[in-house]
Each structure stands twice: as C-alpha cells, then as structure tokens.
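One structure below.
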Amino acid sequence: MKRIMSIQDISALGKCSLTVALPIISAMGIECAVVPTAVLSTHTQFKGWTFHDLTDEMDPIADHWKQEGFTFDAIYTGYLGSFRQVDIVKRYFRDFGNGARIIVDPAMADNGKLYAGFTPDFPLKMAELLDGADLVLPNLTEACFLLGKEYRENYDRAYITGILEGLLACGAKNAALTGVSFEEGRLGVVSMSGENGNISEYYTERLPVNFHGTGDIYSSAAVGAYMSGMTIPDSLALAADYTVECMRLTLAEKDHNWYGVNFEQAIPYLIERMK
Ligand code: PXL
C-alpha cells in the first residue's frame, strides 16, 4: 500500500486542507499521514477564526518519523502559514523526499487576492518549494503571486504558456495551472511537462458559482490519482471531473452551505472513476 504525507493546516470546520486531503486520499486507497501545521476554528474566509500555530511540533514529528525509519511515496504540501513553516517543509523534503514524489499546492490566494493573513512577501518564500518538486498545482492567482506576474482576467494562450514556463523555471518538473478559461462556459487545467515541454489541457463545464475549498479537493484527488499510477494529465482531468461533480451535488442540495462543497457525496463517483 502506498503511503504519503500531507503537510497543511486543520481548519476544524470548513472542508479544506487536511479535512479534505485525508478522506479523499484514504478513499483512493492510499495511506495519508498528516503533519498538521496549525489548528484553526474555521478556514479564513469566515470572520473571527481562531488560530493555534503548530510549527513547534513539525521538527519533533520529523525527528520521530526518521527515528522510526518511515518512508513515504509522496509528500503533498498545501496551505502553510509562515516563512518558518516553509523552511521546515524544506527539511521534510530533504529527510523524506528521496524516492518520494513531491507535490506542492501553494494554497494562498484566489480571484486575484492573497488570503487573509498573508503578507505580500510570502509568495516568494512559498516559491522556494518549487525547486525539485515533481508537480506544482497553483491556480492562476497563486501562479501570478509566485512569479511576481500581473494577474489578468483576460488573457491568451501565450500568457498561460509563459506562466507555466515560469513555474518550471523555478525548478518544478511539471506544472499545472487550474482555473484557466479560453472559452465562455468552459473552465479547466493546463499543464506543462518540464521533460519535453508538452502541454496538456482539460476543460469541463464552468458552473456559475465559486465555492471555497475546491482547490484543495482538486489537489487531493489529483495527488491520489497520480500516486495510483495515472499520468499527470489523466490525474488532472480526473480531479477536474471529481471537483465538478462535488459542485454539482452541492448545488443540487437546497440550502447548501457556502463554505465548502459536498465532496463526501461524490466519493463513490471518484472511486468508480478510478476503476
Ligand atoms: O483552501 C485553502 C485554505 C486552507 N487553509 C486555510 C484557509 C484556506 C483558504 O482560505 O483559510 C486555513
């Protein structure tokens, strides 16, 4: 059985970060060890959230895992809260990255804006994690922040290709950009292989809503598919279909909540698609 670790926060309520990575990756038949970087009462799109930093636990967890001789097939990072956490994640890459795939979701921004709590100098620090990563999966906003590029709502293929090349130039072996649209009503993911420069694209119907937490659901499903042996383009396509299915099921529920999607109800779909 494959074993991966995921390093990100626990937003106790909110259906993002570890509270989606753990169930989704487990449902895909992969063991998911977790390194919780902080405990929040909710994700930061609510008001008045509490935050308890767990940075001081990160080195002792790594020390113990090393002592026990644990190895991992992948390290998947998501939302990180500080410069120090990024430095400790680099230590995890050094200590456990040998023979492991490294997948970085630089969860920190959306719709042209950094999430609450991040300072403008944080994205450049997060960009350090790209060096040597097997796959980086930012949304368009995050990619612009990582590269210090202007975020645009209207763009052409050359702009998207330039961003992908920029991500690879930071040292990632493969880059995938989510939330790309060249056509009204269609939304998708464009990826580039650093090995041969090949570009893959996959689009789904664009639903007329924006739900929170879909980026983490997308990345978790992509990690699970990739670690199950699927190619990167196939993993990205499956994750896109799963995310859309989660959103559809959410919309189908009258009085659905705004803070996260019904990813739980789409798990049978995900498992069926893995067959
Ligand atoms: O979904 C990304 C995410 C993860 N963790 C926390 C967040 C967010 C987005 O707002 O606030 C704590």
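First listed ligand is number 1; within each ligand, the first listed atom is number 1. Computed over heavy atoms, backbone and side chain alike; hydrogens, waters and symmetry mates excluded.
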Among all protein heavy atoms, pick the one closest to [atom] and tell me residue, atom and distance.
| atom | value |
| --- | --- |
| atom 11 (O) of ligand 1 | Thr44 OG1, 2.6 Å |
| atom 5 (N) of ligand 1 | Asp9 OD1, 2.8 Å |
| atom 1 (O) of ligand 1 | Asp216 OD2, 2.7 Å |
| atom 10 (O) of ligand 1 | Gln45 NE2, 3.1 Å |
| atom 3 (C) of ligand 1 | Tyr79 CD1, 3.6 Å |

Hey, is His212 touching ligand 1 through its side chain, its backbone, both or neither, going by heavy atoms under 4.0 Å?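 Side chain only; the backbone of His212 stays clear of ligand 1.
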[X] heavy atoms, cut-off 4.0 Å: which ligand 1 atoms fall inside?
| X | value |
| --- | --- |
| His43 | 7 (C), 11 (O) |
| Cys16 | 1 (O), 4 (C), 5 (N) |
| Ser11 | 5 (N), 6 (C), 12 (C) |
| Leu40 | 12 (C) |

Is a side-chain N or O of [X] found less than 3.5 angstrom from the main chain of [Y], in a donor-acceptor match?
| X | Y | result |
| --- | --- | --- |
| Tyr259 | His43 | no |
| Thr250 | Val261 | no |
| Glu245 | Ala266 | no |
| Asn257 | Gly260 | yes |

Calculate, to the nearest 0.5 Å, the distance between atoms CD and OG1 belonging to Gln85 and Thr37 respectively.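 Result: 4.5 Å between the selected atoms.
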Is the Phe72 ring parallel, tilted or perpendicular to the Trp65 ring (thresholds 30°, 60°)?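 Ring orientation, 0 to 90° scale: tilted.
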Would you say the ring centers of Tyr159 and Tyr151 fall short of 6.0 Å from each other?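 Aromatic pair excluded; centres sit 6.0 Å or further apart.
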